[in-house]
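These notes concern the structure reproduced below.
Just the heavy atoms: all of them, side chains too, but no hydrogens, waters or symmetry mates, feed the values below. Atoms within each ligand, like the ligands themselves, are counted from 1 in listed order.
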Amino acid sequence: MARCRVWCSPVTLPLSWRGELTTSGVRYSSSMPAVRQSYPESTSVVRPFNEIPGLWKNGVANLYNFWKLDGFRNLHRIMANNFNTFGPIYREKIGYYESVNIINPEDAAILFKAEGYYPKRLKVEPWTSYRDYRNHKYGVLLKDGEDWRSNRVILNKEVISPKVLGNFVPLLDEVGQDFVARVHKKIERSGQNKWTTDLSHELFKYALESVSSVLYGERLGLMLDYIDPDAQHFIDCITVMFKTTSPMLYIPPGLLRRVGAKVWRDHVEAWDGIFSQADRCIQNIYRRLRQETGTSNKYPGVLASLLMLDKLSIEDIKASVTELMAGGVDTTSITLLWTLYELARHPNLQEELRAEVAAARAETQGDIQEMLRRVPLVKGALKETLRLHPVAVSLQRYITEDIIIQNYHIPSGTLVQLGLYAMGRDPKVFLRPEQYQPSRWLRTESHYFRSLGFGFGPRQCLGRRIAETEMQLFLIHMLENFRVEKQRQVEVQSTFELILLPEKPIVLTVKPLQSSR
Ligand code: HCD
């Protein structure tokens with residue numbers, strides 16, 4: 001293997017780094033062996049790629065073991081275990097897919113500095129295969145290289161820049177108010193002055209209503225009693241799509257397609273449902289836009305803004321808007337469900353958050369955007385939820401230059417993964433990681449590369465600002481109206497279905513504030 005010799009050949013680091021101390025405490029130069037400057041007594045040299053601990057020699061055997069451990073549903077726990085066994089860096093090969101895994105925030109910083117101009121993450125092959133199969137364009141999620149960059153730059157302006165956030169807030173606030181009104185109604189109907197339920201279905205609808213109102217500038221009406229069966233079908237398709245992705249992650253989908261595997265057929269059917277529903281929404285707006293004269297000064301939504309901007313092809317716009325719509329349902333609703341679960345387990349914390357929201361409300365008299373600036377603990381709660389219950393088990397990049405992590409040399413081109421779930425629960429990274437403490441995000445303890453729930457850098461989650469705002473507003477409205485409680489103290493764990501989900505239903509009781517005591 002040519003790569004194994006690299007450790008003794010010159011390593012190219014970015015100019016700004018030459019001669020600097022790297023975070024791993026290693027000074028590297030091409031003319032002399034690297035020395036650990038911070039521990040002069042140990043004068044260790046940088047170790048070759050080959051010596052990184054881990055199971056990377058027999059991909060097929062590892063895939064078999066992985067399957068035996070039910071790895072398809074336990075990926076997050078297996079990763080955390082591997083860090084316990086091998087330490088803060090390990091190499092791995094499962095099937096045909098090889099990676100180096102890291103856990104420390106300081107190492108994450110080195111990784112992201114080496115992501116290059118066209119950051120590339122692990123390709124989710126079932127998703128690209130589907131698009132190839134049906135001749136759909138890739139959106140910005142699946143694109144790479146210059147095509148990715150040029151699309152992403154334009155989308156950033158309409159989706160994630162602070163400039164457009166102000167347009168989203170009133171739309172999302174309205175959905176939040178409607179959600180609360182719906183819950184009040186459910187409580188009334190129960191005749192018991194409370195509502196005990198698995199909220200996930202309601203949260204899915206809240207999330208889809210929210211992301212749609214921002215994308216299309218129009219309401220779908222999912223907070224009403226009668227809901228469009230197509231919308232429900234869309235929600236169900238997303239769940240199936242995620243569920244059928246993970247078993248195909250380590251087996252080439254092309255192969256599964258040729259043998260006519262059920263999991264591939266179900267996957268195709270799910271994406272078909274997603275695409276046809278998104279297409280209906282997009283066609284609607286497109287038609288309306290051609291009829292209207294465009295004189296209204298109301299914000300028309302992301303899709304209409306992109307169409308009017310006329311900088312991306314309609315096919316490119318459709319592809320990325322579909323991804324935003326599909327990516328914006330389970331991710332935010334599950335995060336909100338975990339947050340309510342944590343608040344139900346911590347009644348005092350819930351009161352503390354409620355007090356913060358009440359004070360912010362009183363100080364801002366209806367200026368909801370200003371209010372969002374005055375709820376740091378609510379924001380901390382969401383970060384804390386994503387620390388313990390991240391949507392993505394890992395962040396990955398193919399590095400574009402050689403790097404040194406934990407004193408090991410890693411050659412350019414390697415897939416390096418940060419174990420996000422494992423990092424969030426590592427006592428060396430977070431003090432008392434098992435405790436849900438939103439206030440840790442307000443204190444002065446280091447936050448350096450620790451809040452990575454939406455990824456990092458130019459390839460971070462495009463929907464981040466929509467998701468954050470939607471979730472903050474949800475919590476504000478819920479805290480202002482209800483107290484959330486739990487029956488028994490049951491621990492709920494995560495299961496991996498491409499994204500991390502609660503392994504069993506979370507049943508909560510919602511009581512109106514005034515009369516719940
Ligand atoms: C899943 O080993 C585990 O925002 C794999 C590595 C991996 C790669 C890409 C990640 C994926 C994991 C989890 C789900 C993510 C995805 C990238 C985008 C996607 C994090 C960690 C998500 C949920 C958006 C999905 C949009 C889609 C429905 C159009």
Taking only residues two or more places apart in sequence or in another chain, which ones pass side-chain contact (heavy atoms from CB on, under 4.5 Å) with L431? R440

Quick check on ligand 1: any N or O pairs to the protein under 3.5 Å? One line per pair.
residue, atom, partner, partner atom, Å
ligand 1, 2 (O), Y97, OH, 3.4

For side chain to side chain donor-acceptor pair (under 3.5 Å), just list the numbers for S412 and E401, CA-CA rounded to whole Å, side-chain angles, deciding distance to a tenth of an Å, and then say yes or no. CA-CA 4 Å; S412 173; E401 55 193 79; over 6 Å; no

Pair K137 + D147: basic N to acidic O under 4.0 Å: no

Test salt bridge (charged side-chain N to carboxylate O under 4.0 Å, His left out) applied to R265 - qualifying residues, sequence neighbours left out: none

Residues that Y398 engages under ring pair (Phe, Tyr, Trp, His ring centres under 6.0 Å), provided they are two or more places apart: none

If you count the non-hydrogen atoms of other residues, nucleotides and ligands that lie under 6.0 Å from NZ in K262, is the total more than 12? no

